[in-house]
Every structure is written in C-alpha cells, then in structure tokens.
Amino acid sequence: MTYKKKLIEVALPLDAINAESAREKSIRHGHPSALHLWWSRKPLATARAVLFASLVDDPSAHPEDFPTEEAQERERQRLFHLIEKLIIWENSTDKELFAQAYEEIKKSTGDNPPPVFDPFAGGGTIPLEAQRLGLKAIAADLNPVAVIINKAMIEIPVKFQNKSPVNPVAKSLLDAEWHGTRGLADDIAYYGKLLKEKAYADIGHFYPKVTIPGIGQKAVVIAWKWARTVMCPNPACRCEMPLVNSFWLSKKAGKEAYLEPMMENDKIRFEVRYGKGKVREGTVARTGATCIACGASIPLSYIRNEAKKGCMSAQLIAIVAESQGGRLYLAANEEHKKIADMPLPEDVPVGDLPEKALGFRVQEYGITKYSQLFTKRQLMALTTFSDRLIDIREQVCADGGTKGYSEAIVTYLAFLVDQLANHGSVICGWNSPNQQLRNTFARQAIPMVWDFAESNPFCRSSGSFHSLYGRMCEAFQSFMPSGQIGMVYNASATADLNVGSVVLSTDPPYYDNIGYADLSDFFYIWLRRNLKEIYPEIFSTMLVPKKEELVATPYRFAGSQQAAKEFFEQGMFDVCQNIYRYATQDIPLTIYYAFKQTDMDVGGTTSSGWETMLSAIIQAGFSINGTWPIRTEKPGRSVSIGTNALASSIVLVCRKRPADAPICTRRDFLTALKRELRPALVNLQQSNI
Ligand SMILES: C[S@@+](CC[C@H](N)C(=O)[O-])C[C@H]1O[C@@H](n2cnc3c(N)ncnc32)[C@H](O)[C@@H]1O
C-alpha cells in the first residue's frame, strides 16, 4: 500500500514544542483550562503541533517538487518555522497564521481535511486544537463531566459565535463589535456578576469582616483556618485535642507568622505570633498524633475510630484577613465561631464516596458522603449559588436571550459553582510559603486534611468567586471557534461510535494512574443538581458511571490486581479495534501515552501500562511508525513529590499495517522496543527535551 509520508513520521521541531508546552503549564490567565478542572490535561501547544504535523505531508512525499534532500530539508524547515509560530501561546488567536496553517493542511489532504476524533477527550485539549486549526472536531468521553467540558469548549462557543450579547449594559454600547466569543464572554461576565450579587444578598451576612484588635478597623476575611479535633484518650487529660499538621501561617520572608497553642481552663486556644519564633512541630503526622495538653502519643487508629463514631469535631484556630499591607493573621473569636455553626442546608446533593478508590483517604476517618467534604457554611454557599442559577436562566430569557442561549450561559456559570467547590471544601489547605489557599485537587486525590482552610467566596483573593470568575472570563480570550460546530458524544471508547473515516488523535487513560470517575464525582454531584434539566441524558445517573471506565484499579475487582489488569487489557484492545475501523488509510493516528519514571527502569519494574497499550495497538493491526517524547506534565507538581507521577508522554505515530508487512513476534517487538526506548529517552532527557 502506498501513502504519502506525513511530517510527523519524519521530523518535528521537538525542542520548540517541549519548551512551549512547558511554558504553557505556567500560564495563569486566559487559558481554556480555567473553565473547569480536569486531571492531566495535555498542553494545547503539543496537541496543535501533533495534529498539524500528522496532516501535513513531509516534503519527501513530493519528489516532483522537492527532488533533492537539500530541497526537502529546506521545505521541512519552512514547515518547522510555521509550527514554531503556531505553538506560541500568544499566537493562539492569530487568524492569519491559522488560516495559513489550514491552507497547508488542505494542500496535503486534497482540499478536504477529514474530521479529527478523540475518543478519550477529557478536558478537551485535542478537539479544541483541531477546531483551532479549522478542522471538524469530534470528542467523546465516558465521563459526563468531561462531556460537558467538551461541549463548553467546542460546541457552545461555535453555536453562539459572532452574536451580540443580550445583557442590558452591552445593548447600550452602540459601536461595540462582537467577533468570535466576545458576546458570549460579555454575557458570562455580566450574569456571573449578577449571580454573585444575588448570592451575596442571600448569604453575605454569614461572612462577617473581622475587627483588627487594637486598631478597631474591620478587615475582609480571606479564610478561616480550622483544625480537626478528637478527645484525648488519656483519662487524666480528656481535652479536645487539635490535630494540626503545621502551626505556620506564613513562611514568607519578612512576613513570618505562626500559631502558639495556649492552655486555658482545660481548653486549648491559639495566639498568633509574628516573626521567626520557635514554631512547634505539628501535632499529627503519618505515624500518629500528640496531645498538646498532656503530651500523650496517640495512634491514628484511635483517631479513625473516634472519627467513625462521629466524635471528630473542628476548632477554629485562626482567621486570615486582607489588609493594605498584605495578609493579616488573627486569633479565632467567638463571633466567627458562632456564625459558622449553622444548620445543615436542605437539598444538599446526595452521593456516597466509593468504599475505596485511588488516592482517596478520607473514608477511613468516617467521611463517606460527598456532602461531608464540605462545612455547613460551604454547603450553604454552594447550594445558594446553585439555586440562584435558576434566576439567571430566567433573566437571560427576559433580556432577550433564547432558551438555548440561557442554557449555555448557565452551563458556564455552573462550572463556576464547581470551581467554588474545588476552592471551598475541607480538603483545602493553607499554603504558608505563598500564603494562599490550596485547592481540593492540588493533587489527584482526596486526602485527609487535618487543618483545613475555609475560603470566603465573597472576598477578592484566590479561590473567591471574584477571582475564579475573572479567570473564567479571561479564558474566552484564547478561544477561536471555527465555522464547524464540534460534536460531543457521551460514550465508551470500547463502543462502536460509527464516526466514519476520521483522523484519530487521542490520549487514553494511563493504566492505574488517575481514577477519573471517582475523582469527578466531586464535581458531578453539583453539575447534576445544576444542569440535569438542561442535559437530562448526560446527568441521568446519580453518580459518574464507573463500570466501563478504563482504569486498572483492583478496588473495582474485589482487590484483584489480575482481574483489573485483564479488564484494562481487554478494554484497550476493544478500543484499538474500533480505532482501526475509524482510522483513515492516508493519515497516521497519534496516541499520547503517559510515561512514568518506572517505565524506564531496567529490571525489576514491569510497565503494565506500556505493555498493554503497545500490544493492543499491534494486535488491532497497526504498526508504530514513530515515537516522540513530549514534556506534557508540569515538573514539580505536588503530586510528583515522592510519587511515581506522570513525567511526560510519548506520542506514538501509528498506521494501519499493510497486509504484506514483515512479521515479528510480540516478544521480539517488546524486546527491541525496550532496548531502543530507554537509551533514546535517556538521550532526550539529557538534552533537556
Ligand atoms: C488522559 S485523559 C484525557 C485527557 C485529555 N487529553 C486532556 O488533555 O484533557 C483520559 C480520559 O479517558 C476517559 N476514559 C476512561 N475510560 C474511558 C472509556 N471506557 N471510554 C471513554 N473515555 C474513557 C477518562 O474519563 C479521561 O477523561
């Protein structure tokens, strides 16, 4: 079978792609990922370069135009130069540049580029970039949260592009131009502000300012710091002992602050100290806890039992406020303790945590329902914002928006409720080095957090509605919807979606690394409450469907590693068979596969993830024509510390194997791969690629 070689099968400007991909991970403002969190998103720059280079012919495929190697190399360099410009973040909405890229793609695809399909679309990176390149994008994911994110990325913005906003302020602007997503973004900004005002009118009084002692002035609270407590088992003590991981409040040079515990009438209270004093060790660690009052050592098993009996409480230990001179740390006071002690709001979303799941630790401490991941005040805020979404829908229609448009606006605002949940749960910690709240998913896990920080959604600091909403509005600046509305399916990649002949580019789940379905229930319970009327099919189940999720977790198979492995292997094989059915002959497909440090270790560690993926690809009838190591993950994330976190991805470039291809055994192939992959990766890592 003859086909034209594509650029990705010959060469890539890898240094530039890696550098831009790494840089993109630090971009805080204007990135589409600000719409909604998803785990292990790939950089847009990587997806953009991979798609372009998969579609554009390598100059060697046109000897009539480029007869010599020099001529081919010159042409390749021209294409490299174009890729190097395309991947620069600041060029993401450069229409002329992307029109030029589209012309190149058309030239290599007989003026009729096929659609791009990603069956594991997740946070929507690949479909979004396909659309940016002017291609029809088809996204699918089993997970309803991912499906909604993809709709918000490739469907809604195209449907409502180039439309004037309906809000009354925008209507009064006579000369305004509403290209692309500007109108939609303007309405989200307007109705987002209205949502906050409505919620504040309902519950703002539950977030009082704090009086600065000695000065008498009032300051806006950023966060309340709480510590879990259990009763000390020492019969002579019996104090309610606070479990504090760290007494530091600020480690910022010159602004150090910490808490000093004080005993008072058998009770422990905390005073704030500024400067570099002698800060006590935390009272709880992995090995156990210590009672501040009597010094007794307490095993974690005791704390687990107390917590499961419902005997774990929380004590307010400090208040963090905003001041002109920076963060202000104040001791807890009665007013602020009392106001947080409110009745449980009605109509909180129901849902049980899985008995066991990857990275979930809280169940051992009696937290078995999603609603227990929030304080009563956090639940009140989330339910209030959720309830007010109904008013917003009505208001958009009253202002002249169609029903469909009001639903689109509410979809994005429901994402803001999710963002508030991410920044407002009992899993949020206080990061003393940078004096900021740490969000729930600082790691891909739900760990037990002993001293958690409860943010004030109505302040203006990170984690507040104001800052999250600001980031969401900015995210639209990086959208460049094309003429074709993206298609989004809620389906398993193991099912035949009958998508026709497409270019396949995808990033499948990596073996047992991330339990997407379990993690995303944290958001699903809120999205379902807020959007099930709009998307009844997507939110038809109480929780995210888990059965078909491709993850090799023994928790789903009564603890059996073997059963989990077999399920993953069979699933990946079924997926690759489907992919074989959809893939066009003349364009290679690209599969991103995560690469962990242990994948490189010789002897000892086997890499089930890689073995499974490679054997599924080959058994389905593909050949692997190229492998490109790409730095897709941000180095130094908190999950990577001491864990086998994802370091990078290898992009596998595959083609349907010709019927007359030479044969080698799977074992021979894997041996050759193991032999060649490791030195290649070492070389690339040494060159900082
Ligand atoms: C590595 S993530 C994709 C990330 C995405 N490329 C991005 O940049 O955001 C893998 C995705 O596969 C999805 N998934 C897992 N099992 C699936 C199945 N059986 N069918 C379809 N999607 C599945 C997960 O929900 C997850 O979103």
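Each ligand, and each atom within it, is numbered from 1 in the order the structure gives. Not measured: the values here are computed from a predicted model. Positions are given from 1 along the sequence.
- Of the residues Tyr370, Trp39, Phe374, the one that meets the ring-ring contact (aromatic ring centres under 6.0 Å, His included) test with Phe522 is Phe374.
- What sits closest to atom 25 (O) of ligand 1 on the protein, heavy atoms only, is Asp141 OD1, 2.8 Å.
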Checking Lys546 against Asp521 for the salt bridge (Lys or Arg N to Asp or Glu O under 4.0 Å) test, could you report, in this order, the C-alpha distance in whole Å, the side-chain angles of both residues, the deciding distance, and whether it holds? CA-CA 10 Å; Lys546 317 254 169 358; Asp521 273 334; 2.6 Å; yes
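- Remark: ligand 1 and Asp507 share an N or O pair separated by less than 3.5 Å (distance only, no angle test).
- Contacts with ligand 1 closer than 4.0 Å are made by no heavy atom of Ala47, backbone or side chain.
- Geometrically, ligand 1 and Ala493 share a nitrogen or oxygen pair separated by less than 3.5 Å.
- At under 3.5 Å, not a single nitrogen or oxygen of Glu549, backbone or side chain, sits near a nitrogen or oxygen of ligand 1.
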Output, in order, the C-alpha distance, side-chain angles, deciding distance and verdict of salt bridge (Lys or Arg N to Asp or Glu O under 4.0 Å) for Asp507 and Arg41. CA-CA 9 Å; Asp507 170 27; Arg41 280 174 189 269; over 6 Å; no
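- With sequence neighbours left out, the side-chain hydrogen bond (donor to acceptor under 3.5 Å, both in side chains) criterion links Asp352 to Lys369.
- Nearest heavy-atom pair, Phe52 versus Ala101, reported as atom, atom and distance to 0.1 Å: CE1-O, 3.6 Å.
- Atom OH of Tyr582 is separated from atom CD1 of Ile138 by 10.0 Å, given to the nearest 0.5 angstrom.
- Here Lys6 does not pair with Glu9 in a salt bridge; the nearest charged N to carboxylate O distance is not below 4.0 Å.
- Residue-ligand proximity, Lys42 to ligand 1, at heavy-atom distances under 4.0 Å covers atoms 7 (C), 8 (O).
- Around the CD atom of Glu90, the shell of radius 6.0 Å holds more than 12 heavy atoms that belong to other residues, nucleotides or ligands.
- Ligand 1 has no N or O atom lying under 3.5 Å from any N or O atom of Arg41, backbone or side chain.
- Nearest protein heavy-atom neighbour of atom 23 (C) of ligand 1: Phe120 CD2, 3.4 Å.
- Separation of the Tyr412 and Phe476 ring centroids falls under the 6.0 Å cut-off.
- The shortest N or O to N or O distance between Tyr516 and ligand 1 is not under 3.5 Å.
- Remark: ligand 1 atoms within the under-4.0 Å shell around heavy atoms of Asn143 are 25 (O).
- Ring-centre distance between Trp38 and Tyr516: below the 6.0 Å cut-off.
- Counting heavy atoms closer than 4.0 Å to ligand 1, residue Glu548 contributes backbone atoms (N, CA, C, O) but none from C-beta onward.
- A side chain to side chain contact (heavy atoms under 4.5 Å, CB included) with Thr440 is found for one member of Leu373, Asn422, Leu37 and no other, namely Asn422.
- At the shortest separation from atom 16 (N) of ligand 1 among protein heavy atoms lies Leu550 N, 2.9 Å.
- Heavy atoms of Ala491 approach ligand 1 to within less than 4.0 angstrom.
- Polar contact with ligand 1: present for Gly123 (N/O pair, distance under 3.5 Å).
- For the pair Lys656 and Tyr580, the cation sits on the ring face: its NZ or CZ lies under 6.0 Å from the ring centre, inside 45° of the axis.
- Ligand 1 has Ala121 within reach: a non-hydrogen atom of the residue lies less than 4.0 Å from it.
- Atoms of ligand 1 lying under 4.0 Å from at least one heavy atom of Thr125, given by number and element, are 7 (C), 8 (O), 9 (O).
- Contact atoms of ligand 1 toward Pro508: 1 (C) (distance under 4.0 Å to a heavy atom of the residue).
- Not one N or O of Thr494 is nearer than 3.5 Å to an N or O of ligand 1, by distance alone.
- Relative to atom 15 (C) of ligand 1, the option among Pro43, Pro509, Ala495, Ser505 with the closest non-hydrogen atom is Pro509.
- The N/O atoms of Ala146, backbone and side chain alike, include none that comes under 3.5 Å of an N/O atom in ligand 1.
- We find that Lys42 and Glu24 are not joined by a salt bridge, their nearest charged nitrogen and carboxylate oxygen being 4.0 Å or further apart.
- The proximity of Pro119 to ligand 1, defined as any non-hydrogen pair under 4.0 Å, is limited to the backbone.
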